[in-house]
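For reference, the structure is listed below as structure tokens.
Residue numbers run from 1 in the order of the sequence given. Excluded from the calculations below are hydrogen atoms, water molecules and symmetry mates; all remaining heavy atoms, backbone and side chain alike, are included. Every number for a ligand or one of its atoms is a count from 1 in the order of the listing.
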Amino acid sequence: MIALGCDHGGYALMQEVIKYLDQHHLEYKNYGCNGESVDYPVYAKKVGHAVADGECEKGILICGTGIGISITANKIKGVRCALCSDCFSAEATRLHNDANILAMGGRTLGPELAKKIVDIFLNTEFSGDERHVRRIAQIEEE
Ligand code: RB5
């Protein structure tokens with residue numbers, strides 16, 4: 001199950017992501033918004049908690065730039081939210097960081113690149129390499 005959340009700056013791109021998920025018969029839970037002007041931290045927290053609590057395996061968050069929504073999500077323990085604007089980063093953050101939430105910018109990315117980034121993010125497994133496991137554990141340390 002994939003948790004989805006966006007603000008008004010990410011709403012249009014999220015509709016494209018939803019089309020991709022539907023076409024690939026992937027299950028998702030949409031936490032909003034519905035296109036109205038909203039505060040992105042509300043949606044970042046809904047999706048962040050859904051992933052951190054294990055209700056959803058992964059999440060996708062979109063605001064205007066992807067910045068505010070990713071900063072907020074990363075404050076939740078257990079969330080590793082990666083803001084990606086290119087395919088290399090989407091692959092690397094799964095392989096190296098085991099990122100569990102993808103953030104994107106609705107005002108910075110076109111729909112085709114965004115859908116490719118989503119595809120890579122959802123279909124790349126964590127490498128499981130010892131050095132990456134060790135580094136991820138260090139993220140949670142004080
Ligand atoms: C909303 O206007 C905009 O500030 C928001 O979508 C996002 O870009 C914040 O980081």
Side-chain angles (χ1 to χ4, degrees), residues 1-127 129 131-142:
M1 183 67 74
I2 303 159
L4 305 181
C6 67
D7 74 353
H8 50 290
Y11 182 77
L13 185 59
M14 185 59 88
Q15 305 321 298
E16 297 294 327
V17 169
I18 287 171
K19 276 187 214 163
Y20 165 93
L21 297 174
D22 286 338
Q23 278 164 3
H24 291 82
H25 308 292
L26 294 169
E27 285 193 318
Y28 55 85
K29 191 165 176 190
N30 192 352
Y31 289 86
C33 71
N34 295 315
E36 71 282 19
S37 181
V38 295
D39 299 332
Y40 60 80
V42 172
Y43 299 89
K45 288 178 189 179
K46 286 178 194 282
V47 168
H49 286 299
V51 172
D53 297 349
E55 200 180 318
C56 294
E57 294 156 38
K58 287 200 178 100
I60 300 174
L61 286 171
I62 311 179
C63 68
T65 57
I67 296 172
I69 214 157
S70 57
I71 289 173
T72 311
N74 276 318
K75 290 198 167 285
I76 297 168
K77 194 170 170 57
V79 165
R80 291 180 301 282
C81 178
L83 171 56
C84 295
S85 310
D86 64 89
C87 296
F88 182 88
S89 298
E91 183 181 34
T93 198
R94 288 291 308 129
L95 289 170
H96 291 207
N97 314 124
D98 196 14
N100 47 18
I101 300 182
L102 169 67
M104 298 187 292
R107 295 172 182 160
T108 63
L109 285 179
E112 296 312 316
L113 175 56
K115 284 187 273 186
K116 186 75 191 163
I117 289 170
V118 167
D119 186 68
I120 292 168
F121 184 81
L122 295 179
N123 291 300
T124 304
E125 291 298 319
F126 175 49
S127 70
D129 290 347
R131 69 185 189 286
H132 295 309
V133 171
R134 184 180 69 239
R135 290 165 189 163
I136 291 167
Q138 288 174 16
I139 293 172
E140 299 289 351
E141 292 171 7
E142 283 299 313

Exercise. Above 12 or not: heavy atoms from other molecules or residues under 6.0 Å from CD of Q15?
Worked result: yes
Exercise. Pick from L102, I2, N123, L113: which one makes a side-chain contact (heavy atoms from CB on, under 4.5 Å) with V118?
Worked result: L102
Exercise. Heavy-atom distance under 4.5 Å between the side chains of L21 and L122, does that happen here?
Worked result: yes
Exercise. If we only count heavy atoms from C-beta on, is the F126 to I136 side-chain gap below 4.5 Å?
Worked result: yes
Seminar exercise, completed: Residues at least two apart in sequence or cross-chain that pass side-chain hydrogen bond (donor to acceptor under 3.5 Å, both in side chains) with S89, listed by chain then number, are D86
Exercise. So, the side chain of D7 versus the backbone of G9: is there a donor-acceptor pair under 3.5 Å, distance only?
Worked result: yes
Ligand 1 N/O to protein N/O, distances under 3.5 Å:
from: ligand 1; atom 1: 2 (O); to: R107; atom 2: NH1; distance (Å): 3.3
from: ligand 1; atom 1: 6 (O); to: D7; atom 2: OD1; distance (Å): 3.4
from: ligand 1; atom 1: 6 (O); to: D7; atom 2: OD2; distance (Å): 2.6
from: ligand 1; atom 1: 6 (O); to: G64; atom 2: N; distance (Å): 2.7
from: ligand 1; atom 1: 8 (O); to: G64; atom 2: N; distance (Å): 3.4
from: ligand 1; atom 1: 8 (O); to: T65; atom 2: N; distance (Å): 3.0
from: ligand 1; atom 1: 8 (O); to: T65; atom 2: OG1; distance (Å): 3.2
from: ligand 1; atom 1: 10 (O); to: T65; atom 2: OG1; distance (Å): 3.3
from: ligand 1; atom 1: 10 (O); to: G68; atom 2: N; distance (Å): 2.9

